[in-house]
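Worksheet: one structure, shown below.
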Amino acid sequence: MKRFRWLFVLLGLVSAVLAVRFVLSFPWAGTVDTIVDADWWLLAAASVANLVSLAAKGWAWHLLLRPAAPHRWRTAQAATFVGAAVNSVSVAVSGEAARIQVAASRDGVPVGAAVWSLVWARVIEAVALVLFLAVALAMIPTNGWLRTLEVSAWLVLLLLVLLTVFGIWPRLVGLLPAGWRPQLQGPSGAIEPARLVAPLALAVVNWVAQWITYHWAIGATHVSTSAAVSLVALVAANLGGFFRVTPGNVGVLQASLVLGMLAFGIAEDQALAAGLALQAVQVLPVIAIGVALVGAQGLRSLSAKRAESMGAA
């Protein structure tokens, strides 16, 4: 981190200049009016859908971790919600580190097994996203670049199926650097494909619940939305916030939504209002649950530990 500190400083200065320009030129009045007139009942429903998404995510992780490290289902759920809360107030992979710490402190889960399971959870979530996009885009009216995205998703799925049927995955794993292989093979050797079915199904539920969250949160601000708009917003927000450079992806999420929704002719102020409403839905209830589980001091402690480790790096 110290070797690349100059790069972060440069990026920070450029971002600051762009942010000032954005603040001075953006139509804030329309954004405020849109938020004031929001449908709060629909926002509440969106927050419930977001919690369902996190529960599905935690359940999938529980199934992946259980063979390597026996633990309670509620521990995996608590660790997932605490991790999401830490991500809301910190950056980078702080949430994943918090999940590992909670699981280790409550049920004695070994760090190695937890890291391995989280690596597989990310792989499963990526595959589930491709499956979700292929099916979702096939169910809604699409044209142009959305049709291209749908065809691409189906082609990727076909490739994954062929790699599995012909047993090519083990050969691909063998081509990876030696240090990476244990993270994919796990403490007890190669993982059986049959064990991935249930986590994959839950990961799809996670994406569907996120889609519903986005759709209801955007609709609550009375923005003219559709299934395609909320789906593109979901993909744009997840791609834009992949590296989590801000706490809770604040600013990044809104910028991603503005860019994604501009493609559908939605005004900038309306898109920003939808992004702010979505941020509140995703962050506030999760932080409240995280505080209920480990306390405010516990969240600060987990965030601080991750920050110290990054600074030492």
Side-chain angles (χ1 to χ4, degrees), residues 15 18-50 53 87-88 129-130 132-153 206-284:
S15 299
L18 294 176
V20 170
R21 181 181 177 184
F22 173 80
V23 169
L24 294 177
S25 62
F26 198 86
W28 293 104
T31 298
V32 174
D33 292 340
T34 301
I35 293 176
V36 170
D37 295 333
D39 185 338
W40 296 98
W41 287 108
L42 196 53
L43 286 177
S47 68
V48 172
N50 184 61
S53 168
N87 269 339
S88 299
L129 175 59
V130 176
F132 162 70
L133 286 176
V135 176
L137 289 170
M139 294 174 61
I140 63 177
T142 57
N143 52 44
W145 63 275
L146 282 178
R147 178 65 66 182
T148 302
L149 180 60
E150 177 189 349
V151 173
S152 301
N206 168 28
W207 286 114
V208 171
Q210 283 195 49
W211 186 17
I212 294 172
T213 301
Y214 275 67
H215 190 73
W216 285 349
I218 294 172
T221 57
H222 308 293
V223 173
S224 179
T225 187
S226 65
V229 171
S230 54
L231 183 62
V232 170
L234 170 64
V235 174
N238 278 273
L239 289 177
F242 183 79
F243 292 104
R244 291 194 173 275
V245 295
T246 64
N249 275 334
V250 174
V252 177
L253 185 147
Q254 285 75 26
S256 300
L257 258 65
V258 169
L259 291 175
M261 295 169 72
L262 279 176
F264 294 90
I266 297 174
E268 295 176 346
D269 56 341
Q270 291 183 318
L272 178 60
L276 292 172
L278 176 64
Q279 190 93 62
V281 161
Q282 290 183 319
V283 169
L284 298 181

Query raised in the report: When you look at Tyr214 and Thr225, which way does the side chain to side chain contact (heavy atoms under 4.5 Å, CB included) test go after all the steps?
Result: CA-CA 10 Å; Tyr214 275 67; Thr225 187; over 6 Å; no
Query raised in the report: Could you walk me through whether Leu133 and Trp207 pass the side chain to side chain contact (heavy atoms under 4.5 Å, CB included) check?
Result: CA-CA 9 Å; Leu133 286 176; Trp207 286 114; over 6 Å; no
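Rounding to the nearest 0.5 Å gives a distance of 8.0 Å between CZ of Phe132 and CG of Leu137. If you take CH2 on Trp211 and OG on Ser53, they are separated by 14.0 Å, rounding to the nearest 0.5 Å. Put simply, CG on Asn50 and CH2 on Trp216 are 12.0 Å apart, with the number rounded to the nearest 0.5 Å. To the nearest 0.5 Å, atom CD of residue Glu150 and atom CE of residue Met139 are 11.5 Å apart.
Evaluation of the salt bridge (Lys or Arg N to Asp or Glu O under 4.0 Å) test over residues 252-262, restricted to residues two or more places apart or in two chains, returns none.
Shortest non-hydrogen contact noted between Ser88 and Val283 is CB-CG1, 3.9 Å. Contact record, Met261 with Ala274: CE-CB, 4.4 Å, taken as the closest heavy-atom pair. Of all non-hydrogen atoms in Ile266 and Ser224, the two that sit nearest each other are CD1-O, 3.7 Å. The two atoms that bring His215 and Ser230 nearest to each other are ND1-OG, 3.0 Å, heavy atoms only.
With contacts defined as side-chain heavy-atom distances shorter than 4.5 Å, the pair Gln270/Thr221 does not qualify. Contact annotation: the side chain of Thr213 approaches that of Leu278 to within less than 4.5 Å [non-hydrogen atoms, C-beta and beyond].
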Show me the side-chain donor-acceptor pairs of residues 42-49 shorter than 3.5 Å, one per line, residues at least two apart or across chains.
from, atom 1, to, atom 2, distance (Å)
Ser47, OG, Ala44, O, 2.5

